[in-house]
Amino acid sequence: QARGQKTFWVGDQEKLAVTAEQLADFKASDAYDPNSGKSALSQWSSAWESPEVAPEAPEAPRRDVRDILIEEEGIKLTAYPDAGKTAIGVGHQLKEGESASDITESEARKTLESDIQGAYDAVDRLTKKFEVGEIPSELRDELMMMAFQMGATGLSKFKKMWAAMKNQDWGEMVAQMADSRWAKSQTPERAA
């Protein structure tokens with residue numbers, strides 16, 4: 001939640017980093033004055049204090065990209081229609097010459113490894129193409145999963161996202177990801 005900050009940026013707009021649940025808790029507390037003439041958000045903003053984080057607090061373990069992709073795509077051992085093409089396994093779209101016959105889970109996982117490597121390769125090519133420089137490994141994982149889903153061509157169309165990444169403007173980068181058909185209508189839950 002904005003990495004412990006009071007606000008975050010979406011484009012050129014500064015937004016408060018407060019959830020509906022937090023605001024409801026604030027309104028139920030003694031700090032909220034319904035007769036002050038100020039909105040609950042304004043009062044919350046004035047009363048906000050940086051959350052206490054123990055320096056040795058462990059970070060949540062990173063989930064493996066394979067687990068995430070399997071959760072999002074599922075493992076289907078029989079071919080199925082996918083975005084006008086035929087897919088099998090963990091979202092693997094069959095290429096010309098590949099068979100649509102049933103596969104084993106082991107074969108699906110082997111193909112998944114190959115597809116993940118291909119998606120990472122696409123991210124690395126696009127990072128060079130857009131002259132982004134080095135990116136955090138977590139971001140590389142996220143971009144790989146986008147490339148896995150929409151292919152290198154689809155990912156390359158996020159030109160404003162790549163420009164923001166090059167400038168290390170992470171808020172703008174996220175805003176550009178969110179301001180897309182991919183995030184708004186194609187797969188909003190997955191994009192979120």
Side-chain angles (χ1 to χ4, degrees), residues 1-3 8 10 19 58-166 168-192:
Q1 187 182 326
R3 300 193 189 275
F8 64 99
V10 176
T19 65
E59 281 189 32
R62 270 176 72 188
R63 290 181 57 209
D64 186 80
V65 294
R66 289 154 196 80
D67 296 336
I68 295 169
L69 289 169
I70 289 170
E71 182 180 306
E72 290 174 346
E73 297 277 352
I75 296 181
K76 298 174 183 87
L77 306 179
T78 301
Y80 62 94
D82 182 30
K85 298 186 179 180
T86 302
I88 198 162
V90 184
H92 174 74
Q93 291 190 341
L94 295 175
K95 297 169 185 68
E96 192 172 322
E98 288 184 312
S99 169
S101 33
D102 292 358
I103 60 173
T104 66
E105 185 171 335
S106 174
E107 291 169 321
R109 288 181 182 277
K110 183 177 178 184
T111 302
L112 173 62
E113 290 302 318
S114 175
D115 289 346
I116 286 172
Q117 188 57 57
Y120 274 126
D121 292 345
V123 168
D124 294 342
R125 282 192 313 274
L126 290 169
T127 302
K128 286 179 185 156
K129 174 184 175 179
F130 290 103
E131 300 174 347
V132 170
E134 195 168 324
I135 58 174
S137 62
E138 295 90 345
L139 177 55
R140 185 172 178 256
D141 289 347
E142 293 298 330
L143 293 169
M144 180 280 295
M145 288 187 277
M146 290 175 74
F148 184 96
Q149 182 183 5
M150 67 183 75
T153 302
L155 186 58
S156 71
K157 293 178 182 176
F158 285 68
K159 293 190 183 349
K160 291 180 181 177
M161 175 197 76
W162 289 105
M165 213 182 307
K166 181 177 180 177
Q168 296 189 354
D169 186 347
W170 309 120
E172 179 65 15
M173 179 195 76
V174 171
Q176 290 302 323
M177 289 171 149
D179 188 27
S180 66
R181 268 188 309 131
W182 168 72
K184 289 179 177 176
S185 61
Q186 290 176 338
T187 52
E189 288 181 23
R190 189 166 179 173

_NZ/Lys159: more than 12 non-hydrogen atoms of other groups inside 6.0 Å_ = yes

*What heavy-atom pair brings Ala164 and Met173 nearest, and what distance separates the two atoms?*
CB-N, 3.5 Å

_Among residues at least two apart in sequence or on other chains, which ones pass salt bridge (Lys or Arg N to Asp or Glu O under 4.0 Å) with Arg66?_
Asp64, Glu113

*What is the minimum heavy-atom distance between Ala183 and Ala178, and which atoms define it?*
CB-O, 3.5 Å

Atom pairs and distances, side-chain donor-acceptor, residues 87-97, under 3.5 Å, sequence neighbours left out:
residue	atom	partner	partner atom	Å
His92	ND1	Asp115	OD1	3.2
His92	ND1	Asp115	OD2	2.7
His92	NE2	Glu98	OE1	3.0
His92	NE2	Glu98	OE2	3.1
Gln93	NE2	Asp82	O	3.4
Gln93	NE2	Asp82	OD2	3.4

_Taking the side chain as everything from C-beta on, heavy atoms only, tell me whether Leu112 gets closer than 4.5 Å to Phe148._
yes

*Partner residues of Glu131 under the salt bridge (Lys or Arg N to Asp or Glu O under 4.0 Å) criterion, sequence neighbours left out*: Lys166

_Any Thr127 side-chain heavy atom under 4.5 Å of Arg140 side chain_ = no

*Would one find more than 12 heavy atoms of other residues, nucleotides or ligands at under 6.0 Å from atom NZ of Lys76?*
yes

_From Met144 atom CE to Leu155 atom CG, the distance as rounded to the nearest 0.5 Å_ = 11.5 Å

_side chain to side chain donor-acceptor pair (under 3.5 Å) against Glu107, all qualifying residues, sequence neighbours excluded_ = Thr104

_Run the ring pair (Phe, Tyr, Trp, His ring centres under 6.0 Å) test against Phe130 and tell me which residues pass, sequence neighbours left out._
Trp162

*Charged N to carboxylate O below 4.0 Å: is that the case for Arg190 and Glu71?*
no

*Which heavy-atom pair separates Ala152 from Arg125 by the least distance, and what is that distance?*
CB-NH2, 4.2 Å

*Euclidean distance, Ile68 CD1 relative to Asp141 CG, rounded to 0.5 Å*: 7.5 Å

_Asp102 side chain reached by Leu77 side chain, heavy atoms, under 4.5 Å_ = no

*Would you please name every residue forming a side chain to side chain donor-acceptor pair (under 3.5 Å) with Thr153, sequence neighbours left out?*
none

*In Å, rounded to the nearest 0.5 Å, how long is the span from OG1 of Thr187 to CZ of Arg181?*
11.0 Å

*What are the two closest heavy atoms between Phe158 and Met150, and how far apart are they?*
CE1-SD, 3.6 Å

*asked:* If you define the side chain from C-beta out and look only at heavy atoms, does anything of Leu139 sit under 4.5 Å from Met165?
replied: yes

_Rounded to the nearest 0.5 Å, what separates atom CE in Met161 from atom CG in Leu143?_
5.5 Å

_Spacing of NZ belonging to Lys184 relative to CG belonging to Asp179, to within rounding of 0.5 Å_ = 4.0 Å

*So how far is it from Lys85 NZ to Tyr80 OH, rounded to the nearest 0.5 Å?*
13.0 Å

*asked:* Could you tell me if the side chain of Met146 sits less than 4.5 Å from the side chain of Met177, heavy atoms only?
replied: yes

